[in-house]
2 protein chains.
Amino acid sequence: MSLEQAILGFLNYRPYSGYDLKKIFDTSVRHFWPADQSQIYRTLSRMNKEGWVDIEMVHQESRPDRKLYHITTAGQEALRQWLATPLPPQENRSADMIQVFFAGQLADEEILALFERAADNIRAGLARYAQIPREIEAYSEYTTSPREFFFWMLTLDVGMHTLQANLAFIEALIQRIRNGEIPAA
Amino acid sequence: MSLEQAILGFLNYRPYSGYDLKKIFDTSVRHFWPADQSQIYRTLSRMNKEGWVDIEMVHQESRPDRKLYHITTAGQEALRQWLATPLPPQENRSADMIQVFFAGQLADEEILALFERAADNIRAGLARYAQIPREIEAYSEYTTSPREFFFWMLTLDVGMHTLQANLAFIEALIQRIRNGEIPAA
DNA sequence: ATCCTATATAGGACTTGTCATATAATAGTA
DNA sequence: TACTATTATATGACAAGTCCTATATAGGAT
């Protein structure tokens with residue numbers, strides 16, 4: 001479960017509460033690992049039972065108490081080990097590809113509309129990516145070093161690169177379709 | 001749930017049993033939608049309750065009886081509607097990107113090894129893709145038309161294109177790392 | 001005075017998907 | 001003779017993730 005490792009990654013910078021982590025996820029890794037609030041809380045308590053994190057109760061006046069999670073030595077070892085271990089090749093489910101696979105059952109104009117919408121979605125995604133660097137500056141208080149920052153930015157590069165490659169492919173495909181390359185029934 | 005729609009897509013060609021469908025999935029769409037045997041069976045019985053498929057019991061001597069699933073009119077409408085409806089932008093979880101995000105916590109050589117392994121995985125994926133056209137011929141009995149075939153091949157194109165783009169990116173990255181572009185701690 | 005937002009944690013119910021196993025008959029192989 | 005594979009369906013147990021709701025307090029806006 002990569003959510004555990006991602007949490008360990010952040011806790012290795014410094015202790016955080018579940019509430020903190022939710023906000024950090026939403027402003028950093030949500031593009032490749034969205035995390036649900038309730039799942040973060042449940043995962044944290046599981047990680048505590050596994051001995052990867054310790055809980056420090058922090059009492060607050062006028063606010064509910066916080067549970068500050070500290071990474072343990074076992075947690076640090078688990079993180080290091082996971083980071084250095086190559087992942088098994090992933091299988092990504094893609095509903096879009098299911099639509100493409102059966103698109104022949106639609107009329108040409110419908111297919112074209114579908115791909116044009118897909119291209120629009122990618123452009124919207126690229127636009128969203130373009131403003132992330134600014135968001136990152138908003139949480140640059142978490143930046144521990146230029147080294148960390150390099151890899152944070154690298155995930156953005158990968159994301160944009162992939163989107164751009166997909167967009168180029170779809171745009172070329174739309175041209176092919178306009179040229180009447182889809183065989184008739 | 002796209003598994004339902006994928007099943008409808010195949011049943012719209014002709015009726016199949018759960019056993020058939022498992023084999024068809026494994027030789028066609030597993031690269032973008034792997035399907036577990038038990039899940040296919042459970043999904044089929046759910047789809048039956050939803051009125052999307054009818055069951056024809058086919059008795060067999062010397063083999064267990066087959067349940068042949070026929071798509072209903074309601075099922076065909078559901079399929080058509082789903083195919084023509086643009087999907088909400090997907091969020092793909094990528095454990096690889098979690099590794100990249102926190103890779104700064106590793107030593108340079110470890111990072112390099114990780115990316116080289118990732119590149120190898122992509123090359124292996126490309127090699128697997130390269131032999132799929134042959135596999136597709138093995139199930140070309142299911143091919144209803146050149147039009148269908150066009151889109152089946154298109155999913156391959158997309159897959160290979162994406163892999164190739166990722167590979168090019170990682171190879172360039174490995175060069176950058178070798179040139180010492182990773183900031184020190 | 002009421003509503004909304006922010007801070008903070010947590011549980012119930014549910015969906016999707018995985019893994020292992022059971023059943024049952026036949027045919028081929030070691 | 002014993003095992004393995006193929007055909008065929010099905011369930012139990014679990015893991016991961018989503019959605020909704022509950023609880024509690026404080027401050028600001030309408």
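Quick note on labels: first sequence line is chain A, next is B, and so on, each numbered from 1.
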* Less than 6.0 Å separating the ring centroids of B/Phe25 and B/Trp33? -> no
* Structure fact -> Of A/Arg63 and A/Ser38, the one whose closest nucleotide on DNA chain C sits nearer the 5' end is A/Arg63
* Could you tell me whether the side chains of A/Asp36 and A/Ser38 share a donor-acceptor contact shorter than 3.5 Å? => yes
* Asked: Any luck finding a side-chain donor-acceptor pair between B/His59 and B/Asp65 under 3.5 Å?
  -> yes
* Is B/Tyr69 linked to B/Tyr19 within one hydrophobic cluster, defined over Ile, Leu, Val, Met, Phe, Trp and Tyr using a side-chain heavy-atom separation of less than 4.5 Å? -> no
* Is any side-chain N of the basic residue among B/Glu110 and A/Arg80 closer than 4.0 Å to the acidic one's carboxylate O? -> yes
* To do: Choose from C/dT7, D/dT18, D/dA16 the nucleotide whose nearest atom is closest to any side-chain atom of A/Lys23.
  => C/dT7
* Counting side-chain heavy atoms from C-beta on, which of D/dG17, D/dT9, C/dA10 comes nearest to A/Tyr69? -> C/dA10
* Structure fact -> side-chain hydrogen bond (donor to acceptor under 3.5 Å, both in side chains) test vs B/Ser17 passes for just one of B/Glu56, B/Lys23, B/Lys22, B/Arg66, namely B/Arg66
* Nearest-nucleotide wise, let me know which of B/Arg66 and A/Glu4 is further upstream toward the 5' end of DNA chain D. => B/Arg66
* Of B/Arg93 and B/Pro64, whose nearest nucleotide on DNA chain D comes first from the 5' end? -> B/Pro64
* Expressed in angstrom and rounded to an integer, what is the separation of B/Lys67 atom NZ from D/dA10 atom C1'? -> 9 Å
* Any residue of residues 41-50 of chain A with a heavy atom less than 4.0 Å from an atom of DNA chain C -> A/Tyr41, A/Arg42
